[in-house]
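Notes follow once the structure below has been shown.
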Protein chains: 2
Amino acid sequence: MLNRETQYAIRTLIALSESNGEYVSTRALAEQLNIPYFFLSKILQKLVRRGLVDSRKGLGGGVRLRHSPEEITGLMVLEAVDDTEFLESCVLGFPQCNDQNPCPYHHEWGPIRSRIQELFATHTLAELRGLQESG
Amino acid sequence: MLNRETQYAIRTLIALSESNGEYVSTRALAEQLNIPYFFLSKILQKLVRRGLVDSRKGLGGGVRLRHSPEEITGLMVLEAVDDTEFLESCVLGFPQCNDQNPCPYHHEWGPIRSRIQELFATHTLAELRGLQESG
DNA sequence: TTCAAATCGGACATACATGTCTATGATCCA
DNA sequence: TGGATCATAGACATGTATGTCCGATTTGAA
């Protein structure tokens with residue numbers, strides 16, 4: 001479904017939304033979240049470039065959210081790591097599949113895809129953090 | 001979503017359900033469906049081993065459905081090519097995610113996953129063939 | 001009985017996702 | 001000013017999905 005980079009990115013940003021704007025080191029995040037350190041470094045570098053995360057070098061540095069957790073949705077994270085193709089492409093992989101020229105699953109897949117997109121679009125990091133605790 | 005092997009398998013089996021039990025060569029299928037020939041060979045070999053397809057060597061040989069198109073669902077194809085993990089695993093990749101210990105998306109993801117599973121489970125090859133034509 | 005058509009099995013090749021390492025530069029503190 | 005702590009960039013390594021090739025075997029027909 002979501003690739004690993006995306007999963008790590010979401011989990012990391014949820015964790016960052018609990019640090020009240022303080023910088024957290026990649027090392028600490030990697031250990032807390034059980035994500036390979038060097039891999040997480042790469043992901044965070046991308047999130048910095050894409051504007052979701054701020055970074056600071058040196059002692060006491062690390063990364064933090066660039067915006068408040070209420071302003072960032074899951075879908076924004078998917079877009080930042082370029083993992084949205086599955087929200088647009090045909091289930092059976094037909095490049096020319098569309099409303100006029102549908103594959104067998106096309107019309108039933110539309111509403112499902114909408115719900116998936118909605119799932120990620122309607123929850124902010126702040127809400128996800130809450131959901132994690134309440135169950 | 002579905003990996004390429006699965007997409008090719010479904011497309012091929014839908015095509016085979018239009019051949020009235022006649023053997024069709026892998027070469028012909030590959031050209032008709034625009035699927036790489038050697039790759040399709042591998043997929044069909046697996047479908048033969050898994051019991052969805054019959055094969056016969058030699059002139060006039062090829063592959064055909066082992067059962068009638070009304071008896072095979074999309075989900076059976078997913079299972080035959082071992083592409084069902086996404087129907088069972090956590091959206092965020094947590095191995096320990098479950099009803100008692102849910103990830104933030106868990107409870108909302110359940111109904112969506114059910115609809116996806118239902119989509120594949122409720123349509124037979126015969127129906128998919130029909131849907132393809134009617135749009 | 002020979003030849004061509006077809007699958008089958010295993011090996012090989014390539015692309016992309018995932019994971020790892022090293023050198024560099026920035027920042028803070030003693 | 002020097003050393004420790006941090007992110008950054010690029011290169012490297014591994015694994016899995018995807019795609020390709022070849023020799024062996026079976027089958028049908030001339």
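Each chain gets a letter, A, B and so on, in the order its sequence line appears, and its residues count up from 1.
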Checklist outcome for this item: note: B/Leu47, atom CG; C/dT7, atom P; distance rounded to Å ~ 13 Å

Checklist entry - Is the shortest distance from a Lys or Arg side-chain nitrogen in A/Lys46 or A/Glu5 to a carboxylate oxygen in the other one below 4.0 Å? => result yes

Item to check | Shared hydrophobic cluster for A/Val48 and A/Leu33 (ILVMFWY, side-chain gaps under 4.5 Å) | outcome: yes

Checklist entry - What do the steps show when you test A/Leu40 against A/Thr12 for side chain to side chain contact (heavy atoms under 4.5 Å, CB included), and what is the final call? => result CA-CA 9 Å; A/Leu40 183 55; A/Thr12 301; 3.4 Å; yes

Checklist entry - For A/Glu85, does the CD atom sit with more than 12 other heavy atoms under 6.0 Å from it, leaving out its own atoms? => result no

Checklist entry - Is any side-chain N or O of A/Ser41 closer than 4.0 Å to OP1 or OP2 of D/dT8? => result no

Checklist entry - Could A/Arg11 and B/Phe94 be counted as a cation-pi pair, given that NZ or CZ must be under 6.0 Å from the ring centre and within 45° of the axis? => result yes

Next on the checklist: From CZ of B/Arg49 over to C1' of C/dT7, roughly how many Å is that when rounded to an integer?
Outcome noted: 12 Å

Checklist entry - Are any of B/Ser25's side-chain N or O atoms less than 4.0 Å away from OP1 or OP2 of C/dA5? => result no

Checklist outcome for this item: Heavy-atom nearest nucleotide on DNA chain C taken for B/Gly61 and for B/Gln45; more 5' hit belongs to B/Gly61

Checklist entry - CD1 of B/Ile43 versus C1' of D/dT20: gap in Å, rounded? => result 13 Å

Produce the list of close N/O pairs, under 3.5 Å, pairing protein atoms with atoms of nucleotides 18-23 of chain C; give distances to one decimal.
unit_1	atom_1	unit_2	atom_2	d
C/dT18	OP1	A/Arg4	N	3.0

Checklist entry - Side chains of A/Pro104 and A/Leu92: does their closest heavy-atom pair fall under 4.5 Å? => result yes

Checklist entry - Do B/Asp83 and B/Arg4 sit within salt-bridge range, that is, some charged N less than 4.0 Å from a carboxylate O? => result no

Checklist entry - Near A/Asn101 CG, under 6.0 Å, is it more than 12 heavy atoms from other residues, nucleotides or ligands? => result yes

Item to check | Nearest-Å distance for atom pair CD/P, residues B/Glu31 and C/dA6 | outcome: 11 Å

Item to check | Length of the line joining B/Lys46:NZ and C/dT7:P, which is rounded to integer Å | outcome: 18 Å

Checklist outcome for this item: B/Arg64 CZ to D/dT27 P, in whole Å, measures 14 Å

Checklist entry - To the nearest Å, how far apart are B/Tyr23 OH and C/dA5 C1'? => result 15 Å

Next on the checklist: Taking any heavy-atom pair under 4.0 Å as a contact, classify A/Thr26: base, sugar-phosphate, or nothing.
Outcome noted: sugar-phosphate

Item to check | Hydrophobic cluster membership, B/Met76 vs B/Ile10, 4.5 Å side-chain cutoff | outcome: yes

Next on the checklist: Rounding to an integer number of Å, can you tell me how far A/Glu22 CD sits from D/dC6 C1'?
Outcome noted: 16 Å

Enumerate the protein-to-nucleotides 27-30 of chain C contacts in which both atoms are nitrogen or oxygen and the separation is below 3.5 Å.
none

